[in-house]
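So the structure is just underneath, and the comments pick up after that.
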Amino acid sequence: MDDLLIYLTDPVYQEEIENLSLAEDYHISYSSDLEEIIRDARLNLVDLIIVWPATLENSTALLSALKEMRLEYIPVVALYRDEEIREKLVKMSFTDCWQIPMPRERFWILIKQLLKDCSIQTTTVEGANWQGSLEEYNLVDLIQMIEARGWDAELTLMIHNHTGVVYFNEGKVIDARFLSLNGLPALLKMAFWSQGRFFTRMSILGEAQKRITISNQEILFAIIEKLHQLEKMATHLPEFNEELLRNPLLDVGDVSPLQKKILDLCERPTRIKDILFSIDEDNEFILQEIIMLLEKSMLGSRTSIEKMLQDSETKPGLGKILTSISSLFKKKEVIKVELSSEDYQAPQQEDGEEAQLQIPQLSLTGEEYHQIQYFLEKHLV
Amino acid sequence: MKLIDTLLITPTKEILEEITSNMPLEEVEVNGVKGYRLEISEDLVFLFYPMGLGDNPDETPLKDIKEYFRGVLLVLHEKYLLDDALMETEMEQFLLDLGSRPVVLAVRMEMKNLNYLNEILQESGMHLAKKGKLLFWHPLMKSSQKKVWDIFFKQIMKN
């Protein structure tokens, strides 16, 4: 029996929910107290949480609380009344959003289907065809499990609407595909997937080629190393679930092709992990570029960029400052003044020969920069 | 010892004093040009050559030696940025003359305006050109003053 937990945010629906409680196939509990909902979710094996009805405020509060308590793996459905908020709800990390009212039969069909799709209880790793949740078995586990059985198989990984495939020959990984990537780059691209579904299918190589020639052991080391790198980089980034947005006050200007792709994606609020799913480049490179764009303030979290825009609209003085300075630097950038040695030529010498003035280009080393930071800490804190 | 020459442009002496407050600067004169010496360590010294702006321009031979500067720190009061005439003429030409040097523009805000600024802008400023960075600060907010110097030195290191 599946456990449904309903976050009742409007008492108007209490009677309807109490009627639902008569459903025999489900154990249903409800509360209008968010703390109680979170406590229930923590203590009981809840299969699904329903926000009934969802507003932006109560949805944000619930999803934040679940995230804080590391309960974001529990599927959450938002029921909404007004079409206007649908678009905003869809962008939040709900498993699904349904408009109410709807016929009761349809409600139960949707619930049943959603639970079937989401439940990690459906994981099966017996017999010839496995299927399940990547939260339970990740890529590293699955490679070892298939190797132990020596299968010729295709392992399909799915997250949102992205699909990747890993090909095995007698348990040895021989190829992988994701987006336009093949071989090891495709495999490493999927290494960090910790959510989504997988299934296996017995196959005799099919379209796969032996693009990966290193041993499974070496592959596992490569994956673990890659995950370690990503973890380190993640310390300089917001949460992978956080939505980023391009800063429209800054012109794109001179950016790398990869940065351009990222900025294009972030024309709309886009989560970091969706950026990783959508661009067929090494995840490390993508994260490096995101870090750079954040440093340059060309990207920011959705909330801060939206607040900045709001501020610039309401405070014309500051807006004017930014516009004024931006245009100044933009003009400067167009004119390329590359100083060459000819720039340093001294006037003609008396004997008619030209003397060239050599100017040493002093630069700072990382160690010297650390000295400077220490110095500033000492004097300016 | 490594001596790094930089240019420090301020519209008034007050702002110069504010941005350098608590920094152990020594006045020096190098080849007839007055400047400030900042000793980070025995092996690393910065020389800042101050230059006036707006109503208070300095007639110094600085323009002749601008190629020497490894970085430029412009410190302006926010009110100067609203002075279109100033921005369109003097400052613009000056920046063009500097070519591709790292430039940090540190805007001295009124405290209430600094607080209006979004967190991102307060923390990271704005990237305005390949080697140009805009930062906002107030002398009473020491962290913002420190950020200006930190980013300035970082720009020099990176470029």
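All heavy atoms count here, side chains included; hydrogens, waters and symmetry mates do not. Throughout, a chain's letter reflects where its sequence line sits, starting with A, and its residues are numbered from 1.
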Spatial distance of atom CD1 (A/Ile372) from atom OG (B/Ser41) [nearest 0.5 Å]: 8.5 Å
Residues, nucleotides or ligands: over 12 heavy atoms within 6.0 Å of B/Glu29 CD: yes
Pairwise distance CD(B/Glu42) to CD(A/Gln371) - rounded to 0.5 angstrom: 10.0 Å
Interatomic spacing from CZ in B/Phe152 to CG in A/Leu376 - rounded to 0.5 Å: 11.5 Å
Rounded distance (nearest 0.5 Å) linking atom CZ of A/Phe375 with atom CZ of B/Phe153: 7.5 Å
Neighbour count above 12 (heavy atom, 6.0 Å) for A/Lys88 NZ: no
More than 12 heavy atoms of other groups within 6.0 Å of A/Gln229 CD: yes
Inter-residue atom distance A/Glu368.CD - B/Ile156.CD1, 0.5 Å rounding: 11.5 Å
Under 4.5 Å from a heavy atom of chain A, the part of B/Glu39 involved: backbone
Chain A contact via B/Ile40 - which portion, at a heavy-atom distance below 4.5 Å: both
Contact residues of residues 282-290 of chain A (partner chain B; heavy-atom separation under 4.5 angstrom): none
Value rounded to 0.5 Å, distance of NZ in B/Lys142 from NE2 in A/His379: 12.5 Å
